[in-house]
Asker: 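Quick one: this structure, given as structure tokens, is what I'll be asking you about.
None of these values were measured; they are calculated from a predicted model. Letters go in sequence order (proteins before strands), and every chain restarts at 1.
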Amino acid sequence: MKETADYCLLFPNGVSGAGQLVGPVSNGEKFMADDEKLKKIRHSMAHVMAEAVVQKYPGTKVAIGPAIDNGFYYDFDLPETVTLDDLEDITLRMKEIIKGNYPFQKRLVSREEAEKLFSDAGQEYKIELLKAIPEDEDVSLYSQDTFTDLCRGPHVENTKELNAESFKLLSIAGAYWRGKETNPMLTRIYGTAWSNPKELRLYLKKLEEIEKRDHRKLGKELDLYSTHEEAGPGLIYWHPNGSRIRLAIEDYWRKEHYKNGYELLYTPHIGRSWLWQTSGHLGFYNESMYSPMDVDDNDYYIKPMNCPFHIMIYKTDIRSYRELPLRWAELGTVYRYEKSGALHGLLRVRGFTQDDAHIICTPDQVEDEILEVLKFSLNMWKAFGFSDIKAYLSTRPEKCVGEPERWKQATASLQKAIEAEGLEFDIDEGGGAFYGPKIDLKIKDALGREWQMTTIQFDFNLPDRFDMTFVDSDGKEKRPYMVHRALLGSIERFFGVLIEHYGGAFPVWLSPVQAAVIPVAAAFNEYANEVSAALKEKGIRVSVDLGDNRMNAKIRNFQKKKVPYMLILGEKEQESEAVSLRLRTGKQTNMIPLQDFIKMVQEKINSKELI
RNA sequence: GCCAGAGUAGCUCAGGGGUAGAGCAACGCUCUCGUAAAGCGUAGGUCGUGGGUUCGACUCCCACCUCUGGCUCCA
């Protein structure tokens with residue numbers, strides 16, 4: 001469970017984004033059966049690495065070294081700094097140890113014995129861990145060769161079960177002892193380990209694939225966006241190509257929102273301190289808000305959130321139960337301070353646009369509304385090419401606001417909606433924010449990585465703080481329910497995920513350039529212009545290359561830009577008003593009548609097909 | 001913010017205490033070409049910023065900024 005001293009709604013700028021590189025990759029799938037065995041291998045590998053490190057750096061204090069997804073790590077307090085170059089030597093030492101065919105021997109010992117052992121060895125972290133073991137639990141040691149560790153196990157029987165060619169040390173990182181910021185920082189070495197070299201190769205290949213698809217790399221190669229140190233890190237500049245994609249996303253988003261009964265709002269980017277005082281943000285969320293600016297002797301803050309603004313609009317009128325539910329959405333750009341070390345491409349930024357909405361409704365409308373939002377969300381994900389989705393339901397925490405009755409109803413409506421949609425889900429008991437329960441959706445991308453995107457959150461706090469009311473059918477003023485939701489989350493972050501999901505080869509409807517026109521020689525430039533004009537006329541995004549490069553070079557250039565359709569035009573095409581089509585997949589279809597091609601592209605755009 | 005690594009031309013990268021190099025891109029000229037790179041030439045960098053050491057710093061040292069991998073955080 002996360003302990004968050006938090007406030008507020010609409011969350012996720014970051015969440016589970018960065019740092020997942022070596023995370024959920026290739027989870028599940030075919031390795032399930034061997035899961036336990038792999039875990040043993042990885043954990044044992046961690047011990048072997050610890051032995052190697054202690055050998056190489058006498059005086060090293062060891063902390064913890066578990067198996068993780070895809071591998072293992074071990075945290076050390078080292079007498080000197082270790083760099084990437086040292087990993088080679090550590091690897092060689094590990095291979096030696098593995099070849100030594102040492103058994104992993106388990107020994108149950110008394111606490112006193114263990115404490116003496118580790119204190120004699122100066123292993124203070126182990127003593128701390130030892131003290132944390134519950135009284136009624138056995139204390140066990142595992143030894144192989146010269147290394148003994150306080151460990152619950154299990155391990156493989158013998159180092160010969162480890163394969164010296166199926167592991168690789170990957171990286172070095174700092175990590176706080178026991179994950180606490182106030183504790184000393186240890187050196188963590190990460191490795192990956194598998195049961196055979198082939199699996200290792202596959203995994204390393206996957207890492208390569210991840211690197212190739214990195215949105216920061218593709219963002220540069222495809223000229224999509226940039227950031228600028230001089231102008232402020234963590235702020236995104238959308239280039240023409242990126243903007244084309246963003247516009248396509250937003251146009252679709254707006255259309256769908258109107259279709260689903262939403263109204264769209266625009267609200268200011270700054271608000272007077274009164275607003276943030278009332279909402280509670282200044283109190284709870286101050287450290288992530290930017291310093292105020294002075295306007296006529298008043299403090300104004302740039303917005304970290306859109307909700308208070310929407311509430312202001314709500315309060316411009318007396319609201320009747322007849323006009324509920326209100327569904328108000330906005331692509332609202334917010335600014336939040338993120339620590340410098342947390343910034344990461346498009347995934348973790350300091351300014352981002354939420355596809356935010358607030359649903360204000362009566363108690364008996366809640367259930368339908370939630371179901372509608374969930375359906376809406378799933379449709380949206382489908383349109384963007386994501387179909388593997390998992391839900392997380394977070395329920396009431398100890399400390400919270402709002403009547404228990406409302407929590408109960410709200411939580412039930414969330415769960416009901418998830419079940420109605422047949423989504424796989426986990427319950428995070430007590431994991432809700434203090435102001436309400438929520439559903440988060442995680443989507444799986446083409447590489448099997450999970451990203452938390454959608455969130456649907458009840459809010460029992462702001463309606464009170466702003467004293468929101470509606471007049472019910474009995475003539476009495478009542479408090480409405482308020483639900484925050486963001487489907488894509490943040491446009492920036494979503495864009496990053498989208499880039500990686502498609503590896504930059506976007507579906508036609510999103511491609512910045514949908515068709516490239518390439519005359520085989522300058523003599524056909526005129527026809528190329530005609531074709532281009534005909535496509536533009538139909539709203540198709542076209543790029544014509546009339547330069548004096550050879551046709552082959554032009555194809556190569558557009559290929560690198562991952563343009564879905566390339567039209568090769570020469571004499572034959574000109575004569576019969578046709579185009580020869582080359583897909584970015586390499587597939588060719590020659591001599592398609594121009595009008596047929598236009599029709600085909602329009603169909604692909606409408607159906608949101610990949611290509 | 002913390003630990004470690006990195007910052008050299010628009011991009012990808014090499015180099016190294018004596019004052020900077022390649023490929024691609026750009027620009028110019030020649031070639032006028034049928035499905036992933038035609039040929040030749042030209043131009044382009046106070047080597048992240050600021051200090052220090054040195055006869056001399058892009059190179060060594062210190063500080064700062066940014067980026068990368070993690071840790072922490074992510075309402």
Side-chain angles (χ1 to χ4, degrees), chain A residues 2 4-23 73 75 78 81-86 170-190 214 216-217 220-221 223 226-230 232-234 279-281 283-289 304-305 307 334 336-345 347-349 433-435 452 455 457 461 484 493 518-525 548-560 566-573 580-584 586-590:
Chain A
K2 266 192 281 182
T4 28
D6 32 333
Y7 185 53
C8 202
L9 341 164
L10 281 212
F11 59 130
N13 169 20
V15 207
S16 86
Q20 289 225 342
L21 263 202
V22 213
Y73 69 78
D75 286 347
L78 289 153
T81 304
V82 178
T83 67
L84 243 29
D85 297 334
D86 299 315
L170 296 175
S171 60
I172 298 174
Y176 298 109
W177 165 235
R178 303 196 126 186
K180 272 190 72 175
E181 212 173 347
T182 47
N183 283 344
M185 185 157 274
L186 306 173
T187 304
R188 176 173 297 177
I189 301 180
Y190 281 99
D214 192 309
R216 292 163 301 184
K217 190 174 142 99
K220 219 179 260 177
E221 287 173 6
D223 197 12
S226 57
T227 55
H228 302 271
E229 157 184 358
E230 328 81 279
S279 69
H281 288 105
F284 293 111
Y285 184 49
N286 196 262
E287 73 293 347
S288 310
M289 286 174 67
M305 219 112 62
C307 357
V334 298
R336 298 175 184 184
Y337 172 74
E338 294 284 350
K339 287 180 182 172
S340 58
L343 300 176
H344 182 94
L347 301 181
R348 193 76 180 271
V349 293
F434 77 88
Y435 50 81
Q452 195 207 302
T455 191
Q457 311 186 345
N461 186 46
H484 308 259
R493 190 173 127 82
I518 304 168
V520 300
F524 310 105
N525 282 359
D548 48 9
N549 259 333
R550 296 197 162 201
M551 177 203 62
N552 291 315
K554 294 180 185 180
I555 290 175
R556 182 165 194 271
N557 289 338
F558 285 119
Q559 194 75 47
K560 286 206 301 196
M566 276 166 267
L567 303 178
I568 317 292
L569 307 179
E571 194 172 354
K572 284 177 280 179
E573 288 79 4
S580 283
L581 174 64
R582 180 197 162 96
L583 302 185
R584 70 179 162 216
K587 196 182 159 222
Q588 299 173 30
T589 317
N590 291 338

Asker: Identify whether any heavy atom of A/Y190 sits under 4.0 Å from a base atom; if not, whether one sits that close to sugar-phosphate; answer base, sugar-phosphate or nothing.
Answerer: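 Sugar-phosphate, backbone atoms only, no base.
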Asker: Give the intermediate values and the outcome of salt bridge (Lys or Arg N to Asp or Glu O under 4.0 Å) for residues A/R348 and A/E338.
Answerer: CA-CA 8 Å; A/R348 193 76 180 271; A/E338 294 284 350; 2.7 Å; yes
Asker: Has the side chain of A/Y176 got a donor or acceptor that lies under 3.5 Å from a partner of the other kind on the base of B/rG1?
Answerer: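 Flag set: donor-acceptor pair detected.
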Asker: Starting at the 5' end of RNA chain B, what dot-bracket string do you get if Watson-Crick and G-U pairs under 3.5 Å are bracketed, crossing pairs use [ ], other-strand pairs use | and unpaired bases use dots?
Answerer: (((((((..((((....[..)))).(((((.......))))).....(((((..]....))))))))))))....
Asker: On a whole-Å scale, what distance lies between the C1' atoms belonging to B/rG45 and B/rU8?
Answerer: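 It comes out at 8 Å once rounded to the nearest Å.
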Asker: Work out how far the C1' atom of B/rU72 is from that of B/rC62, and round it to whole angstrom.
Answerer: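 About 27 Å, rounded to a whole number of Å.
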Asker: Tell me which nucleotide among B/rG34, B/rU72, B/rG69 gets nearest to the side chain of A/H344.
Answerer: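 Nearest to the side chain of A/H344 among the choices is B/rG69.
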Asker: Can you confirm whether A/V82 sits close enough to A/I172 that some side-chain heavy atom of one is under 4.5 Å from a side-chain heavy atom of the other?
Answerer: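 They are in side-chain contact.
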Asker: Does A/Y435 form a side chain to side chain contact (heavy atoms under 4.5 Å, CB included) with A/Q457? I'd like the steps, not just the answer.
Answerer: CA-CA 9 Å; A/Y435 50 81; A/Q457 311 186 345; 2.9 Å; yes
Asker: Look at the side-chain N and O atoms of A/H228 and state whether any lies under 4.0 Å from the OP1 or OP2 oxygen of B/rU66.
Answerer: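 For B/rU66, neither OP1 nor OP2 has a side-chain N or O of A/H228 closer than 4.0 Å.
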Asker: What interatomic distance, in whole Å, is found between C1' of B/rC47 and the corresponding atom of B/rG17?
Answerer: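 It comes out at 15 Å once rounded to the nearest Å.
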Asker: Are any of the side-chain heavy atoms of A/V520 and A/I568 separated by less than 4.5 Å?
Answerer: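 With C-beta onward as the side chain, the pair touches.
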Asker: Would you say A/Y190 and A/R188 are linked by a side-chain donor-acceptor pair, where the criterion is simply a distance under 3.5 Å?
Answerer: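 Present: a donor and an acceptor within the cut-off.
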Asker: Under the side chain to side chain contact (heavy atoms under 4.5 Å, CB included) criterion, do A/R336 and A/M289 qualify, and how do the steps go?
Answerer: CA-CA 6 Å; A/R336 298 175 184 184; A/M289 286 174 67; over 6 Å; no
Asker: Using the P atom on both, measure B/rG15 against B/rG34 and round to a whole Å.
Answerer: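 Nearest-Å result for B/rG15 against B/rG34 at atom P: 41 Å.
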Asker: Which comes earlier along RNA chain B counting from the 5' end, the contact point of A/S288 or that of A/L186, where each point is its nearest nucleotide?
Answerer: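 It is A/L186, whose closest nucleotide lies nearer the 5' terminus.
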Asker: For A/R336 and B/rC74, is the shortest distance between a side-chain N/O and OP1 or OP2 below 4.0 Å?
Answerer: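 False: A/R336 side-chain N/O out of range (4.0 Å or more) of B/rC74 OP1/OP2.
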Asker: Just to be sure I understand the rule, does A/E571 reach a base, reach only the sugar-phosphate, or reach nothing, if contact means heavy atoms closer than 4.0 Å?
Answerer: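 Since a base atom lies under 4.0 Å of A/E571, the category is base.
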Asker: Figure out the CZ/P separation between A/F558 and B/rG34, and round it to whole Å.
Answerer: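 About 18 Å, once rounded to whole Å.
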Asker: Separation of A/N183 atom CG from B/rC2 atom P, in whole Å?
Answerer: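 Between P of B/rC2 and CG of A/N183: 16 Å.
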Asker: At their closest point, which heavy atom of A/P519 faces which heavy atom of A/N525, and how far apart are they?
Answerer: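 Shortest heavy-atom contact: CG-OD1, 3.3 Å.
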Asker: Sticking with atom P, work out how far B/rC29 lies from B/rA37, rounded to a whole angstrom.
Answerer: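 Taking atom P in both B/rC29 and B/rA37, they lie 25 Å apart.
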Asker: Does any donor-acceptor pair link the side chain of A/R216 with the base of B/rC67 at a separation under 3.5 Å?
Answerer: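 Between B/rC67 and A/R216, which were checked side chain against base, a qualifying N/O pair under 3.5 Å is absent.
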Asker: Would you mind building the protein contact string for nucleotides 35-46 of chain B? One character per nucleotide, 5' to 3', B for base within reach (heavy atoms under 4.0 Å), S for sugar-phosphate only, - for untouched.
Answerer: BBBB--------
Asker: Does any non-hydrogen side-chain atom of A/M566 lie less than 4.5 Å from one of A/K554?
Answerer: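 No; the side chains remain at least 4.5 Å from each other.
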Asker: Are A/F434 and A/F284 near enough that their ring centres are under 6.0 Å apart?
Answerer: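 A/F434 vs A/F284: aromatic centres under 6.0 Å.
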Asker: For a quick check of understanding: with a heavy-atom distance under 4.0 Å over all strands, which category does A/I518 fall into, base, sugar-phosphate or nothing?
Answerer: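 Nothing, no heavy atom under 4.0 Å.
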Asker: If I take atom CZ in residue A/R348 and atom P in nucleotide B/rU68, what distance separates them, rounded to the nearest angstrom?
Answerer: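 Interatomic distance, CZ of A/R348 to P of B/rU68: 13 Å.
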Asker: Checking A/N286 side chain against A/G283 main chain: does a donor-acceptor pair fall under 3.5 Å?
Answerer: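 Between the backbone of A/G283 and the side chain of A/N286 there is no qualifying donor-acceptor contact (under 3.5 Å).
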Asker: Does A/L583 offer a backbone N or O that forms a donor-acceptor pair with the side chain of A/Q588 under 3.5 Å?
Answerer: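 No, because the side chain of A/Q588 does not come within donor-acceptor range (under 3.5 Å) of the backbone of A/L583.
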Asker: Which heavy atom in A/M551 sits nearest to a heavy atom in A/I518, and how many Å separate them?
Answerer: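 Scanning both residues, the minimum pair turns out to be CG-CG2, 3.8 Å.
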Asker: Quick one: A/L343 CG to B/rG69 P, roughly how many Å, whole number?
Answerer: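 Rounding to the nearest Å, CG of A/L343 and P of B/rG69 are 12 Å apart.
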Asker: Expressed as a whole number of Å, how far does the C1' atom of B/rG44 sit from that of B/rA26?
Answerer: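 Their C1' atoms lie roughly 9 Å apart.
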Asker: Please encode protein proximity along nucleotides 4-16 of chain B as a string of B, S and -, counting only heavy-atom distances under 4.0 Å.
Answerer: SS-----SS----
Asker: If we take the P atom in both B/rG16 and B/rG56, what is their distance in whole Å?
Answerer: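 Pairwise P distance, B/rG16 against B/rG56, rounds to 24 Å.
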Asker: Nearest-Å distance, CZ (A/R188) to C1' (B/rU72)?
Answerer: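 Whole-Å distance recorded here is 11 Å.
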Asker: Rounded to the Å, how far apart are A/Y337 OH and B/rG1 C1'?
Answerer: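 Rounded to the whole Å, the gap is 7 Å.
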Asker: Taking atom C1' in both B/rG7 and B/rC33, what distance in whole Å separates the two?
Answerer: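 Their C1' atoms lie roughly 42 Å apart.
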Asker: Rounded to the nearest 0.5 Å, what's the gap from CD on A/E221 to CG on A/D214? Could you check?
Answerer: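 Result: 10.0 Å between the selected atoms.
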